[in-house]
Participant: 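Following this message is one structure expressed as structure tokens.
The analysis underlying the following values was restricted to heavy atoms, covering all of them including side chains, and did not include hydrogens, waters or symmetry mates. Chain letters run A, B, ... following the sequence lines, proteins first and then strands; every chain starts at 1.
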Amino acid sequence: MRRLEELFNRYKDPYSDMILAEGVSVLCSDLQVEPQDIVTLVLSWHMNAATACEFSKEEFFGGLQALGIDSIGKLQEKLAFMRSELKDEQKFYEIYNFAFGWAKEKGQKSFALDTAIGMWQLLFAEREWPLVNHWCDFLQDRHNKTISKDTWAQLLEFARTVNPLLSNYDAEGAWPYLIDEFVEYLYDKSVVDK
Amino acid sequence: MSNQKKRNFQIEAFKHRVVVDPKYADKTWQILERAIHQIYNQDASGLSFEELYRNAYNMVLHKFGDKLYTGFIATMTAHLKDKSKLIEAAQGGSFLEELNKKWNEHNKALEMIRDILMYMDRTYIESTKKPHVHPMGLSLWRDNVVHSPKIHSRLLNTLLDLVHKERTGEVIDRGLVRNVTKMFMDLGESVYQDDFEKPFLDASSEFYKVESQEFIESCDCGDYLKKAEKRLTEEIDRVGHYLDAKSEDKITSVVEKEMIANHMQRLVLMENSGLVTMLLNDKYEDLGRMYNLFRRVTNGLATVRDVMTSHLREMGKQLVTDPEKSKDPVEFVQRLLDERDKYDKITSTAFGNDKTFQNASNSSFEYFINLNARSPEFISLFVDDKLRKGLKGIADADVEVVLDKVMMLFRYLQEKDVFEKYYKQHLAKRLLSGKTVSDDAEKSLIVKLKTECGYQFTSKLEGMFTDMKTSEDTMRGFYGSHPELSEGPTLIVQVLTTGSWPTQPAVPCNLPAEVSVLCEKFRSYYLGTHTGRRLSWQTNMGTADIKAIFGKGQKHELNVSTFQMCVLMLFNNSDRLSYKEIEQATEIPAPDLKRCLQSLACVKGKNVIKKEPMSKDIGEEDLFCVNDKFTSKFYKVKIGTVVAQKETEPEKQETRQRVEEDRKPQIEAAIVRIMKSRKILDHNNIIAEVTKQLQPRFLANPTEIKKRIESLIERDFLERDNTDRKLYRYLA
């Protein structure tokens, strides 16, 4: 407990009881990972962090205790394990959905498009989805608005259940409208045959 | 009789055996046999019935019934064979007569013989279950005469030949044939059917097959149907005269099959004379005949109905998509009403008000009316025209008729909410310009719409009427409390409640001083009695009557729009004004100002203003002055343009957009209503239910419904189920 206290104090912001952006970047360099490394997302998920680049005291303590860690060294050793968690289907699902609330702007209901695209690129690097680049192109081309929570969640379902040739895509399948539009886009651009 | 004591006495049987003379039976039989001969030879007058009966009786009693029976059969058979030969020998026409004659004779004889042999009939035959005398007599006739090889087919052919002759126009002896067919029936229904009816039907079938083929090559549809009808009537007549009644249905089926069923398609689709031609030319008689004939055959009416439906749809489609016809909305709608009337008349006159035809007609109208997206607008314009001038001077009952017809078209509309929007706009213009022909007619139509669509449809419309009434009262109050204003321009204000009237953005406009002073006085009066309200002048909707004196002293009263008034009043202080000067002074936005100036300067007969240059369009460098040479034969000249008109393309787009916007909350409300009661529902079912709920107002687009669902998910009204992503759940 005392060690966690010391650890926390190393990174915490001088004016509040939170680890903020500065502290996070020090933590990352201690761990020898880039701040954009997806492992920070996994770590945040373990901590159930409310927002990216911020950890409250409860979140920090809770997460590390759950992982059974009380030093930087032990945390560093756990990194490989955390990376491997992304390969687990169920955990990836949880982490993916967690990412929405975590990465979006505080106080906003939906995801800014750029943030969403960035997250998707990051996440689908870990779990391959052949259409991810087309998806991001499509969004930038045709949809200049934010991403809703439902669309975020349904996109993973889409990636999981519909094959890249869209042969089992069901037009009456209650997919969000944006995804229907994406399918149209793929047909239009002859990426897929109708 | 003396009064004796009663004594029982008994009759005792013979105490000795009765020996019957073996020759007795033969002798008795001979008597009877001779009698039968005499009967057949028409020589029965000398016979004693009682004696013969007794002889027959005795034979049976003495157990010689068998001999009697077989003898009777043998004798009769022999006679019939003779008769047969006589009949066979008959030539030509007399063949049937002979047959008939002999048949009658046989029947008479048979009757007598049966009476004589009655006892045998009732006892011996009963117990042995052999055929009775009468039926036996008929069977013998059948077997020995009718089925005799030389008679059988000759008889049939003779009959068929006669029928054929009659069908080709000759007169035949119907009574004779009647007797023969009756003979068949008497011999047994199966005899009639096998020996006559079936071959008759086959021959008829052949006959009509050939005839119908001839007719169809040479006649047009109407004539063909007349002929078919005639043949049917003839056959029914034929049955009545000389065939058994049960043959009627069978022979009519043959005619129906050969003449109608086999040629249905060809008849209905015949070029220049088939169904379509009849419909186009209102040939009620021909159509009625077709209906009556075709309903007799399977799928006959369905065939007629289908061709009518596709014709109606095609014609309707051309009617509504023809750009020429859509130029004048009133004419467009009138054409629709005329077509509707036409088909009503056809259905009632020729098709006996058949419900299936009414439905086919209705669904076709519904189909093509909705092919033109402007139908709702046009129908409202039609009503507007009627209510502004068309119904002037028409009796109340006739007004109702017109309005009911309009309602009928209204019911066909899929996008009733679009109609509502236009109706509101047009009604507003009518009310504000005071241009309605009859308040009663207006109210009557509102009531009809309310009955059809519910009070929500009409509550705002009714609000518009209330505002008009209230405004009248307000004006009275205003002038009542400002008696000094009775000299000077008269102001009439209509105060419109924002929610009820079609929304218009307030357009800026500088009113002439005399007018704006009055307006301010009104504003303070009104706000004095109605605190908490805000008034904004709708200068784009007003009108003005101004008196003008032109260069040569011509006096006219001009009825103009508010904008036009502002422009004209400027010329009280200047002789010439440039476009820019006018724009600056009035602050009317450019597009409205240009339209206003155009209507004042460029319209023949209404050009109170002169423009340099004299071009058609208003340019920003143009100069204007009063047209001192203006003439009109009327004192009052109407220049204002606040009349409802067909919208321009951009206006139409704008209205369409507003309609789509209005639909979004309605779709959401429907989704919430449904989900609130069902709690959980899958995607396809929501779409179906929502569409159904909104159908009285408009056809909901499934994509739009989907978008609304997503919006509701976003706002936490609904959520997707965890396990089945196609299921939605209502969040309380």
Participant: What I want to find out is whether A/R127 reaches A/E89 closely enough, with some N-O distance under 4.0 Å, to be called a salt bridge.
Facilitator: yes

Participant: Is chain A contacted by the side chain of B/K706, its backbone, both, or neither, given a heavy-atom distance below 4.5 Å?
Facilitator: side chain

Participant: Salt bridge check, A/E157 against A/R160: does any charged N sit closer than 4.0 Å to a carboxylate O?
Facilitator: yes

Participant: Heavy-atom pairs under 4.5 Å with chain A are the metric here; pick the option from B/K707, B/K726, B/R725 that has the most.
Facilitator: B/R725

Participant: Specify which of A/T151, A/D150, A/L178 makes the most heavy-atom pairs with chain B at under 4.5 Å.
Facilitator: A/D150

Participant: Is the backbone of A/A171 close enough, under 3.5 Å, to the side chain of A/D180 for a donor and an acceptor to pair up by distance?
Facilitator: no

Participant: Assess B/R663 against B/F698: is NZ or CZ under 6.0 Å from the centre of the six-membered ring, and within 45 degrees of the ring's axis?
Facilitator: yes

Participant: Below 4.5 Å from any heavy atom of chain B, which atoms of A/E172 appear? Answer side chain, backbone, both or neither.
Facilitator: both

Participant: Is B/E661 salt-bridged to B/R658, going by a charged N under 4.0 Å from an acidic O?
Facilitator: no

Participant: Please classify the contact of B/E714 with chain A as side chain, backbone, both or neither, using a heavy-atom distance under 4.5 Å.
Facilitator: both

